[in-house]
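Heavy atoms only: backbone and side chains are in, while hydrogens, waters and symmetry mates are out. None of these values were measured; they are calculated from a predicted model.
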Amino acid sequence: MKKLIFFLFLALSIWACSSTTEKGSTHSSTSSSAKPISGSRIYTQLCTQCHGAKGDLELNGATNFKKSELSLEERIDVITNGRKTMLPYKGQLNAAKIKAVAKYTMELKK
Ligand code: HEC
């Protein structure tokens with residue numbers, strides 16, 4: 001019986017710990033959404049899987065941003081409406097976020 005109580009206590013404390021960290025992370029994500037839009041953060045979350053962290057991964061035929069000659073407007077158009085294997089992001093990102101991440105893809109050229 002003592003063992004069982006000990007186990008319950010252990011389980012409870014693990015549960016308590018994990019729920020606090022969960023609360024902590026929700027909190028930080030709510031506060032981070034209030035921060036100014038970061039193109040690099042959006043890029044890391046959504047774009048690296050095909051374009052790579054430096055923009056030159058070229059996975060699934062993704063454009064190499066080190067070679068891309070597109071203007072900011074053209075990039076915004078591709079990100080908003082998609083092109084071939086690249087899906088449109090207009091449902092997922094608002095115009096300001098699309099612009100921020102488009103700008104970031106231009107910085108990758110350097
Ligand atoms: C599923 C893989 C995939 C993901 C994820 C992806 N892309 Fe692409 N992207 C592509 C492909 C493939 C192309 C080339 C399309 C073509 O050949 O017409 C492309 C092309 C582009 C272009 C056009 C560049 C040029 O010079 O033609 C831009 C800009 C771009 N992507 C930005 C982004 C951004 C920003 C994100 C994240 C929000 C993103 N992509 C996420 C696959 C992806």
Side-chain angles (χ1 to χ4, degrees):
M1 191 58 193
K2 258 187 185 167
K3 256 186 187 168
L4 185 71
I5 291 168
F6 176 71
F7 175 75
L8 276 176
F9 177 75
L10 196 75
L12 207 77
S13 52
I14 291 168
W15 173 80
C17 278
S18 61
S19 68
T20 25
T21 45
E22 234 170 70
K23 261 181 222 152
S25 64
T26 352
H27 177 74
S28 70
S29 71
T30 22
S31 61
S32 68
S33 64
K35 280 182 206 158
I37 297 163
S38 156
S40 71
R41 186 142 38 89
I42 299 168
Y43 184 85
T44 315
Q45 282 170 355
L46 302 172
C47 321
T48 41
Q49 49 181 304
C50 293
H51 291 282
K54 296 193 176 81
D56 56 1
L57 187 66
E58 298 185 49
L59 209 75
N60 300 317
T63 310
N64 185 335
F65 289 130
K66 297 210 180 290
K67 294 177 190 157
S68 173
E69 299 292 337
L70 288 195
S71 69
L72 183 63
E73 284 69 32
E74 289 168 316
R75 285 169 200 241
I76 289 172
D77 182 59
V78 175
I79 300 161
T80 309
N81 301 309
R83 218 174 68 195
K84 293 188 196 168
T85 12
M86 186 170 147
L87 296 170
Y89 281 90
K90 60 184 164 206
Q92 206 177 134
L93 300 171
N94 63 27
K97 287 183 176 169
I98 289 176
K99 191 173 179 184
V101 77
K103 269 189 190 159
Y104 182 74
T105 64
M106 304 201 80
E107 286 171 26
L108 289 169
K109 200 176 169 104
K110 287 170 215 160

Open item on the list: Hydrophobic clusters here meaning ILVMFWY residues chained together by side-chain heavy-atom distances under 4.5 Å, can you tell me if L72 and M86 are in one?
Closed with: yes
- [ ] Verify, without hydrogens or angle tests, whether Y43 (side chain) and A102 (backbone) share a donor-acceptor contact under 3.5 angstrom.
- [x] no
- [ ] State whether K109 and E69 are salt-bridged, where the test is any N-O pair (Lys NZ or Arg NE/NH1/NH2 against Asp/Glu carboxylate O) under 4.0 Å.
- [x] yes
Task: Nearest heavy-atom neighbours spanning L108 and A53 - done: CD2-O, 3.8 Å
TODO: Indicate the atoms forming the closest heavy-atom contact of T44 with T48, along with that distance.
DONE: O-OG1, 2.9 Å
Open item on the list: When you compare the side chain of L93 with that of L46, does any pair of heavy atoms fall below 4.5 Å?
Closed with: yes
Task: Distance in Å, I42 CD1 paired with T105 OG1, rounded so as to fall on 0.5 Å steps - done: 11.5 Å
Open item on the list: Restricting to non-hydrogen atoms, name the atom on A62 and the atom on C50 that form the minimum distance, rounded to 0.1 Å.
Closed with: CB-O, 3.5 Å
Task: N94 and its side-chain contact (heavy atoms from CB on, under 4.5 Å) partner, picked from K97, K90, Q92 - done: K97
Open item on the list: Tell me if a side-chain donor or acceptor on R75 pairs with a main-chain N or O of K103 at a distance below 3.5 Å.
Closed with: no
TODO: Of all the heavy-atom pairs spanning V78 and R83, show the shortest one and how long it is.
DONE: CG2-NH1, 3.4 Å
Open item on the list: Would a single hydrophobic cluster contain both L57 and Y104, if residues Ile, Leu, Val, Met, Phe, Trp and Tyr are joined by side-chain heavy-atom contacts under 4.5 Å?
Closed with: no
TODO: Rounded to the nearest 0.5 Å, what's the gap from OG on S40 to CD on E107? Could you check?
DONE: 8.0 Å
Open item on the list: When you measure from the side chain of E74 to the backbone of S71, do you find a donor-acceptor pair of N or O atoms at a distance under 3.5 Å?
Closed with: yes
TODO: For the pair F65 and H51, name the ring-plane relationship: parallel under 30°, tilted 30 to 60°, perpendicular over 60°.
DONE: parallel
Task: Spatial distance of atom CD1 (I79) from atom CD1 (I98) [nearest 0.5 Å] - done: 7.0 Å
